[in-house]
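Structure record follows, encoded as structure tokens.
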Amino acid sequence: MTGTLAMVAQLLIVVGGAPYLVALMRKVRARLEGRVGAGIGQNWRDLRKLARKEPTSPPDAGLFFTGAPPVLAATSLLITAVVPLVSTRLPLAGAADLIAVVGLLLLGTVALALAGLDTGTAFGGMGASREMTIAALVEPTLLLSVFALSVRAHSTNLDAIAATGAAHDARLFCPASLLAAAALTIAALAEAGRLPVDNPSTHLELTMVHEAMVLEYSGRDLALVEWAAAARLTLLLGLLTGLFLPWGIATMGGPLALVAGVASFTAKLIILGVALAAAEVWMAKIRLFKVPELLAGSFVLALLAVTASFVLA
């Protein structure tokens, strides 16, 4: 029963809190840049306004264009239900395999890239091409960086990895874990379309990646895409906290442990969101042809983490 409540709590936090997290990050950036900025409830108001509007489609768009928003939202919800965010005792913990979770992330990415191609526009094709170039380097890095942690847990199950980290938190500061954390952080920023890889607030042709693929969306479809993008950012930050900062995560049954897990996850999510927003103020977007070099460097860090985990095990 506690595991079911934990899964429901995770879904409520991600579904309801993801737009607030993005709005909080925008508010922090605005304040640091000397602007007032919109309130943290503005994102939800925008999503409600979009949800009341009928979606439109380009004349040449087909099944991939209309199917991408539901696929993107469904994969985000499924990942939320299985990954350890507030507890390691989820009823679907057996499905939280590393390869399966990364595959679900890639499925959403591919669905949106196919939608960009399906529009038949130059912007959609350009954004899809750039997105798949980034994904080809990000997904192996995600796999290797978490696989470095799976050595000590003797399992690729994310719940088992998080439980092992919570029980033996001294191992979190070993060289393998620190290298894996650095690699996963860079990969998460690229996967979520944040600086320095992508700028979510730009509409300049030379710099667009994610925004180029969703230019043709409107109404309910755009609301789903925007919510899914916020949810994926929340999930990636939650994955970082669950694997590398597992303090407070519920590893035992009981309502008190669950409440502590929810409070701990929420606090860590807010802290990471504020820190990321503050870092983006002082961070410039790197040139597009430099992105593969950055992601290749993160892949090397993940590979070194795997090597160190076997040597130091």
Is there side-chain contact between [X] and [Y], with at least one heavy-atom pair below 4.5 Å?
| X | Y | result |
| --- | --- | --- |
| Leu47 | Pro19 | yes |
| Thr241 | Phe265 | yes |
| Val138 | Thr109 | no |
| Leu258 | Val86 | yes |
| Phe299 | Leu137 | no |
| Leu112 | His210 | yes |
| Leu237 | Leu233 | yes |
| Leu295 | Ile186 | yes |

* Asked: Given Leu98 and Phe147, is the side chain to side chain contact (heavy atoms under 4.5 Å, CB included) satisfied, shown in steps?
  -> CA-CA 8 Å; Leu98 167 63; Phe147 183 72; 4.2 Å; yes
Verify, without hydrogens or angle tests, whether [X] (side chain) and [Y] (backbone) share a donor-acceptor contact under 3.5 angstrom.
| X | Y | result |
| --- | --- | --- |
| Trp227 | Val15 | yes |
| Lys268 | Leu240 | no |
| Thr121 | Gly124 | yes |
| Ser218 | Thr56 | yes |
| Ser129 | Met126 | no |
| Asp159 | Ala96 | no |
| Ser264 | Gly261 | no |
| Thr185 | Ala181 | yes |
| Ser76 | Arg232 | no |
| Gln10 | Leu85 | yes |

Nearest-0.5 Å distance that lies between atom [atom1] in [X] and atom [atom2] in [Y]:
| X | Y | atom1 | atom2 | result |
| --- | --- | --- | --- | --- |
| Arg89 | Met252 | CZ | CE | 6.5 Å |
| Thr234 | Leu272 | OG1 | CG | 11.0 Å |
| Leu239 | Glu191 | CG | CD | 11.0 Å |
| Leu222 | Leu50 | CG | CG | 5.0 Å |
| Leu11 | Met7 | CG | CE | 6.0 Å |
| Leu78 | Leu104 | CG | CG | 5.0 Å |

* Would you sort out whether Thr156 and Ile99 count as a side chain to side chain contact (heavy atoms under 4.5 Å, CB included), showing the intermediate values? => CA-CA 8 Å; Thr156 57; Ile99 298 175; 5.9 Å; no
Closest heavy-atom pair and its distance - [X], [Y]:
| X | Y | value |
| --- | --- | --- |
| Ala183 | Ala302 | CB-N, 3.7 Å |
| Leu195 | Leu189 | O-CD1, 3.8 Å |
| Met283 | Pro196 | SD-CD, 3.4 Å |
| Ser309 | Ala176 | N-CB, 3.7 Å |
| Ala30 | Gly37 | CB-CA, 3.7 Å |
| Thr251 | Ala166 | CG2-CB, 3.9 Å |

In terms of hydrophobic clustering (I, L, V, M, F, W, Y; side-chain heavy atoms under 4.5 Å; direct or indirect links), are [X] and [Y] co-clustered?
| X | Y | answer |
| --- | --- | --- |
| Ile40 | Val36 | no |
| Leu288 | Met213 | no |
| Leu235 | Leu12 | no |

* **All pairs passing ring pair (Phe, Tyr, Trp, His ring centres under 6.0 Å) where residues 66-116 contributes a residue, at least two apart** => none
* Asked: If you count the non-hydrogen atoms of other residues, nucleotides and ligands that lie under 6.0 Å from CG in Leu77, is the total more than 12?
  -> yes
* **Geometric class of the Phe65/Tyr217 ring pair [parallel <30°, tilted 30-60°, perpendicular >60°]** => parallel
* Verdict with supporting geometry, Leu149 and Ser177, side chain to side chain contact (heavy atoms under 4.5 Å, CB included) -> CA-CA 7 Å; Leu149 303 181; Ser177 296; 3.7 Å; yes
* **Test side chain to side chain contact (heavy atoms under 4.5 Å, CB included) applied to Arg26 and Asn43, step by step** => CA-CA 10 Å; Arg26 291 176 180 172; Asn43 269 22; 3.0 Å; yes
